[in-house]
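Below, read A as the first sequence line, B as the second, and so on, with proteins coming before strands; counting in each chain starts at 1.
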2 protein chains.
Amino acid sequence: MKIRAKIKDAGLKATPQRRLVYEIMQKLQHAPIDEVADEAQAAVPGINVSTVYRIMESFCEAGLLSKINHPNGKTYFDITTSEHHHIINEAGNVTDIEDAELTELIKERLKDKIGEGQIIEKISIQIITSEK
Amino acid sequence: MKIRAKIKDAGLKATPQRRLVYEIMQKLQHAPIDEVADEAQAAVPGINVSTVYRIMESFCEAGLLSKINHPNGKTYFDITTSEHHHIINEAGNVTDIEDAELTELIKERLKDKIGEGQIIEKISIQIITSEK
DNA sequence: GTGTCTGCAAAGAATTTGCAAAGAC
DNA sequence: GTCTTTGCAAATTCTTTGCAGACAC
């Protein structure tokens with residue numbers, strides 16, 4: 001689907017800044033805001049960091065992106081929005097792992113360990129790797 | 001073991017500030033720095049926030065505490081240092097789950113998905129819960 | 001046209017750092 | 001006594017906000 005259509009389908013106006021940010025995220029797959037902002041500013045000098053923040057946030061709310069809890073403290077964003085897991089290496093680079101069966105298995109195993117009256121919203125596994 | 005001994009065994013000097021911070025962490029189990037700092041300042045008015053930051057950091061390096069990737073962006077610390085998992089509820093409160101067998105199972109299942117020449121440093125599952 | 005979005009500059013959180021005095025061992 | 005740690009204030013880094021003009025539809 002074209003970027004313009006994706007953004008509009010998500011209920012947002014397809015501004016040039018949003019189209020650019022989405023395109024950058026399609027390329028990067030996973031990235032912290034400052035990296036996206038740098039790429040954006042390289043492409044279109046006028047674009048502002050706060051705009052990028054607002055766009056990333058609106059994309060998350062609209063279901064176009066998801067957030068990653070990254071060990072380096074910065075907020076990372078992910079072009080993949082379906083339930084999945086992450087491998088994070090020493091450099092902080094993120095790789096996706098899709099394994100719905102595993103997610104289901106964990107959910108089943110831990111479902112009675114969560115509090116009374118609570119439901120599981122999301123399960124995410126982080127695998128931190130280092131050089132052998 | 002006494003707090004003083006724990007700190008010294010970890011190779012750090014057992015200053016009053018460190019003993020206090022460790023005691024607070026034993027009570028809270030999981031907490032962000034500002035909460036620890038508030039508790040510390042309530043107990044001993046002179047203690048400084050930057051000191052608490054430095055203490056938490058030194059405790060992590062010394063293996064007395066571990067860091068938690070918390071979805072609210074702040075760094076949370078955990079008195080438990082052995083491999084384990086977390087349930088995080090809507091309020092941001094953290095609960096531990098110990099399940100070494102599950103960790104092993106996941107490790108076995110995903111070991112060939114990590115990159116060439118890499119080893120798994122750590123596996124952590126986060127379960128985000130919400131009200132039913 | 002109208003309501004949303006952007007740029008800018010300023011404010012606000014969270015965290016770090018430099019340095020001199022204080023304290024642990 | 002020596003080397004580490006602390007307190008303080010200032011600097012950095014990351015993120016959010018207010019507002020006026022610009023733009024999507």
It should be established whether B:Lys8 places a side-chain nitrogen or oxygen under 4.0 Å from OP1 or OP2 of nucleotide C:dC25. yes

A:His86 and A:Asp96: side chain donor to acceptor below 3.5 Å: yes

Quick check against the 3.5 Å criterion: does A:Gln126 have a side-chain atom that pairs as donor or acceptor with the backbone of A:Ile88? no

Criterion salt bridge (Lys or Arg N to Asp or Glu O under 4.0 Å) on B:Glu101 and A:Arg109, from CA distance to verdict: CA-CA 11 Å; B:Glu101 195 182 298; A:Arg109 180 163 178 136; 3.4 Å; yes

d(CD1, A:Ile7; C1', C:dT4) in whole Å: 14 Å

With side chain to side chain contact (heavy atoms under 4.5 Å, CB included) as the test, would you mind laying out the steps for B:Leu110 and A:Leu102 before giving the verdict? CA-CA 10 Å; B:Leu110 300 180; A:Leu102 177 60; 4.0 Å; yes

Checking B:Ser66 side chain against B:Thr80 main chain: does a donor-acceptor pair fall under 3.5 Å? yes

Atom pair distance, as rounded to whole Å: CZ in A:Arg19 and P in D:dC23: 13 Å

Spell out, as yes or no, whether a donor-acceptor pair under 3.5 Å connects the side chain of A:His70 to the backbone of A:Gly92. yes

Could you state the atom-to-atom distance from CG of A:Leu20 to P of D:dA24 in whole Å? 14 Å

Atom-to-atom span, CG of B:Asp9 to P of C:dA24 - whole angstrom: 18 Å

May I have the distance from A:Arg18 (atom CZ) to C:dG7 (atom P), rounded to whole angstrom? 11 Å

Residue mapping more 5' on DNA chain C - nearest nucleotide basis, B:Ile33 or B:Arg4: B:Ile33

Nucleic acid contacts - residues 63-75 of chain B versus DNA chain C, non-hydrogen atoms under 4.0 Å: B:Lys74, B:Thr75

Presence of B:Gln17 side-chain N/O under 4.0 Å of D:dG7 phosphate oxygens OP1/OP2: yes

When you measure from the side chain of A:Arg18 to the backbone N and O of A:Ile55, does any donor-acceptor pair fall under 3.5 Å? no

With the threshold set at under 4.0 Å for non-hydrogen atoms, list the residues of residues 36-61 of chain A touching DNA chain D in residue-number order. A:Ser50, A:Tyr53, A:Arg54

Can you check whether A:Val52's main-chain N or O pairs, donor with acceptor, with A:Gln17's side chain at less than 3.5 Å? no

Show your working on salt bridge (Lys or Arg N to Asp or Glu O under 4.0 Å) between B:Lys132 and A:Glu116 and close with a plain yes or no. CA-CA 9 Å; B:Lys132 190 172 292 175; A:Glu116 193 63 48; 5.8 Å; no

